[in-house]
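Everything below concerns the one structure shown next.
Side chains are part of it too, since the values below use all heavy atoms of this structure and drop only hydrogens, waters and symmetry mates.
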Amino acid sequence: MRSDNFRTIVLDMPLPIKGTIGYDPVEDYYTIYINARHSQCQQLLSYFHELRHIEKEDLKRNNINVGYLETISH
């Protein structure tokens, strides 16, 4: 994982969402979105969770179900 191909944005999202990732395959660039409505502890947990998805290149996998991906990630 390169340190120059992602950024993090903290913003208000619906409470059930802890965090998510956006990926631009053309630029090979990720954006991590963290829910501002959660505690700082939860935000850090969510941040590291999303970083792990980047490290494992989960978003580059084709035709994989997000629910299944989350199941095998935990």
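Residues meeting the side-chain contact (heavy atoms from CB on, under 4.5 Å) test with P25, sequence neighbours left out: Y23. Residues meeting the salt bridge (charged side-chain N to carboxylate O under 4.0 Å, His left out) test with D4, sequence neighbours left out: R2. I21 meets the side-chain contact (heavy atoms from CB on, under 4.5 Å) test with Y30, E50, H53, I54, L59; sequence neighbours excluded. Legend: residues meeting side chain to side chain donor-acceptor pair (under 3.5 Å) with Y33, ordered by chain and number and at least two apart, are absent. For E27, there are no salt bridge (charged side-chain N to carboxylate O under 4.0 Å, His left out) partners two or more places apart in sequence or in a different chain.
With hydrogens and angles ignored, the 3.5 Å screen pairs no side-chain donor or acceptor of D24 with any backbone N or O of Y29. The backbone N or O of P14 sits less than 3.5 Å from a side-chain atom of N35, completing a donor-acceptor pair.
Atom OG of S39 and atom CG of L44 lie 8.5 Å apart (nearest 0.5 Å). The NE2 atom of H49 sits 10.0 Å away from the CD atom of Q42 when rounded to the nearest 0.5 Å.
Contacts classified as side-chain hydrogen bond (donor to acceptor under 3.5 Å, both in side chains) and involving residues 6-22 (residues at least two apart or in different chains) are given here: R7-T31.
Across all non-hydrogen atoms, the minimal contact from R37 to L15 is CB-CD2, 3.8 Å. Scanning both residues, V10 and Q43, for their nearest heavy atoms gives CG1-NE2, 4.3 Å.
Residues D58 and R52 are not in side-chain contact: their nearest non-hydrogen atoms beyond the backbone lie 4.5 Å or more apart.
Using a 4.5 Å cut-off between side-chain heavy atoms of Ile, Leu, Val, Met, Phe, Trp and Tyr, with links allowed through other members, I34 and L51 fall into the same hydrophobic cluster. Transitive grouping of hydrophobic side chains (ILVMFWY, heavy atoms separated by less than 4.5 Å) keeps I9 and F6 in distinct clusters.
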